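Here the structure is laid out as structure tokens; the discussion comes afterwards.
Please read these numbers as outputs of a predicted model, since none were measured by experiment.
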Amino acid sequence: MKKSVFLGAFAASTVLAGAAFAGTLDDVKARGELICGSNVGLTGFGAPDASGEWKGFDVDLCRAVAAAVLGDATKVKFVPTTGETRFTALASGEVDLLVRNSTATYGRDVDLKLDFVAINYYDGQGFMVKKDLGVSSAKELDGATVCIQTGTTTELNLADFFKFNNISYTPVTVQDDSEAQRQYLAGACDTYTTDASGLAASRATMADSENHIILPEIISKEPLGPAVRHGDNQWGDIVRWTFNALLIAEEKGITKANIEEAAASSTDPEVRRLLGIEGDLGAMAGLDNNAFKNAIAASGNYGEIFEANIGTATPIGLARGLNALWTQGGLQYAAPFR
């Protein structure tokens, strides 16, 4: 009997905790600003430029959500968070949404009570070394010093990889990517490990980038994406479907440049629903019916955002790979907009 009472009380407290954050949409509308948890600075994904304006792949998703909810992609406040502070910032309500190369995992979902409502980048953990180290495989790193961010899945994957391969390492713990890069370049560690996309982003900012190589091994699955708090399904739906709208736009050939023409002339029923010409799909989520049109118009479709920030024509130089649309052999696949 005591066990039942305890479980009942626990369930009630969980419901109340979830209810405390069940009005994120109303909060954002009342404030007139979206507060987005970002990286402290990862070139191509989320970092302020020389004038202090935030730019990047993750930043553009935040701007798309702001455009969908507020009709203005500039109404975003970016709060830098580290690997250790990001989930606390979200859980406490300091930020409305976390978009900063964070991996969806069982523990973060079930234990930390966070919902990863989409995967905007499929990634995996890798290693970067200086060419003159003379290493061509991560399996040759026995006895190496490794720069590693604390509070990350990267830290756990590293331990698993070295244990599985019966080799040893000495960790050099850092708080964020910029510190990791400084320590690595200063020679404090032999190798720097993080998501392969993060390694490419860091290398792109190095004056001697040609002297650094990313080793071939990818040692983990790192599905990265935006996270919201449990218990706020409406807000989670809005973030999820804003991201899906960007994917569908790419599938349908809708770009930032032609979106007005598509809205005026398309006869495709899904496009007309997406752009708010037909139906009330925006209103279903508590938004204007042109919400997803606004989201696409902010920075373009998913492919445009990818190529502008981290694609092959940028210094980071990432190919689409797993992040190509499903129609092109990738994993990016949006549910139907109907």
Side-chain angles (χ1 to χ4, degrees), residues 39-47 80-88 100-108 111-112 121-225 310 316-318 321-322:
N39 200 296
V40 295
L42 182 61
T43 301
F45 285 85
T81 62
T82 68
E84 290 187 317
T85 65
R86 54 187 165 166
F87 299 127
T88 302
R100 48 91 67 217
N101 59 302
S102 296
T103 304
T105 70
Y106 176 90
R108 291 170 179 178
D111 188 33
L112 298 186
Y121 194 94
Y122 290 93
D123 208 348
Q125 183 175 334
F127 296 85
M128 181 162 59
V129 298
K130 299 180 178 75
K131 282 185 178 179
D132 60 15
L133 188 65
V135 169
S136 60
S137 167
K139 294 178 181 178
E140 299 171 10
L141 291 172
D142 191 17
T145 50
V146 184
C147 281
I148 179 76
Q149 288 187 61
T150 56
T152 63
T153 55
T154 313
E155 196 173 20
L156 306 177
N157 297 333
L158 176 67
D160 287 348
F161 176 79
F162 274 77
K163 182 177 180 179
F164 180 80
N165 286 284
N166 197 30
I167 54 179
S168 64
Y169 70 100
T170 300
V172 178
T173 58
V174 297
Q175 292 297 312
D176 55 48
D177 293 287
S178 59
E179 184 186 354
Q181 182 172 322
R182 288 194 302 272
Q183 295 277 34
Y184 166 74
L185 290 175
C189 51
D190 298 312
T191 181
Y192 169 33
T193 184
T194 190
D195 299 336
S197 63
L199 295 176
S202 293
R203 184 172 63 175
T205 66
M206 295 176 184
D208 62 340
S209 58
E210 71 281 0
N211 293 325
H212 304 268
I213 59 173
I214 298 173
L215 298 176
E217 287 84 2
I218 297 296
I219 69 169
S220 69
K221 294 184 295 184
E222 304 297 331
L224 311 177
I310 57 176
I316 296 170
L318 295 173
L322 295 177

Side chains of Lys221 and Tyr122: does their closest heavy-atom pair fall under 4.5 Å?
no
Could you check Ile148 against Thr154 for side-chain contact (heavy atoms from CB on, under 4.5 Å), going step by step and ending with a plain yes or no?
CA-CA 7 Å; Ile148 179 76; Thr154 313; 3.4 Å; yes
With sequence neighbours excluded, residues passing side chain to side chain donor-acceptor pair (under 3.5 Å) with Ser102:
Arg86
Residues in side chain to side chain contact (heavy atoms under 4.5 Å, CB included) with Thr103, at least two apart?
Thr105, Arg108, Thr153, Glu222, Pro223, Leu224
To the nearest 0.5 Å, how far apart are CG in Asp177 and CG in Asn101?
6.5 Å
Of all heavy-atom pairs between Leu318 and Ala200, which one has the smallest distance, and what is that distance?
CD2-CB, 3.8 Å
Going by the side-chain hydrogen bond (donor to acceptor under 3.5 Å, both in side chains) test, which pairs reach into residues 163-172, not counting sequence neighbours?
Asp142-Ser168
With sequence neighbours left out, what residues match Ala188 under side chain to side chain contact (heavy atoms under 4.5 Å, CB included)?
Gln183
Thr150: side chain to side chain contact (heavy atoms under 4.5 Å, CB included) partners, not counting sequence neighbours:
Glu84, Glu155, Thr173, Gln175
Using a 3.5 Å distance criterion without hydrogens, assess whether the side chain of Lys131 forms a donor-acceptor pair with backbone atoms of Glu210.
yes
Scan residues 160-224 for pairs that pass disulfide bond (SG atoms under 2.5 Å apart), counting only residues two or more places apart or in two chains.
Cys147-Cys189
For Gly41 against Ala47, the heavy-atom pair lying closest together:
CA-CB, 3.9 Å
Where is the tightest heavy-atom contact between Gln181 and Thr205, given as atom of each residue plus distance?
NE2-OG1, 3.1 Å
Please, which pairs that meet side-chain hydrogen bond (donor to acceptor under 3.5 Å, both in side chains) have at least one residue in residues 194-204, sequence neighbours excluded?
Asp123-Ser197
Are any non-hydrogen side-chain atoms of Leu158 and Gln125 less than 4.5 angstrom apart?
yes
Can you tell me which residue pairs pass the ring pair (Phe, Tyr, Trp, His ring centres under 6.0 Å) test with a partner in residues 171-202, sequence neighbours excluded?
Tyr184-His212
Rounding to 0.5 Å, atoms CD1 (Ile167) and NZ (Lys139) come to a distance of 9.0 Å
Partners meeting ring-ring contact (aromatic ring centres under 6.0 Å, His included) with Phe45 (sequence neighbours left out):
Phe57, Tyr121
Side chain to side chain donor-acceptor pair (under 3.5 Å) involving Glu217 - partner list, sequence neighbours excluded:
Ser137
What's the spacing between Leu199 CG and Thr191 OG1 if we round to 0.5 Å?
8.0 Å
NZ-CD1 distance between Lys130 and Ile213, expressed to the nearest 0.5 angstrom:
12.0 Å
Between the OH atom in Tyr106 and the CG atom in Leu112, the distance rounded to the nearest 0.5 Å is 12.0 Å
Taking only residues two or more places apart in sequence, or in another chain, which ones meet Thr152 in a side chain to side chain donor-acceptor pair (under 3.5 Å)?
none
Mind checking side chain to side chain contact (heavy atoms under 4.5 Å, CB included) for Leu133 and listing every partner two or more places apart, or none if nothing turns up?
Val129, Val135, Leu141, Asp190
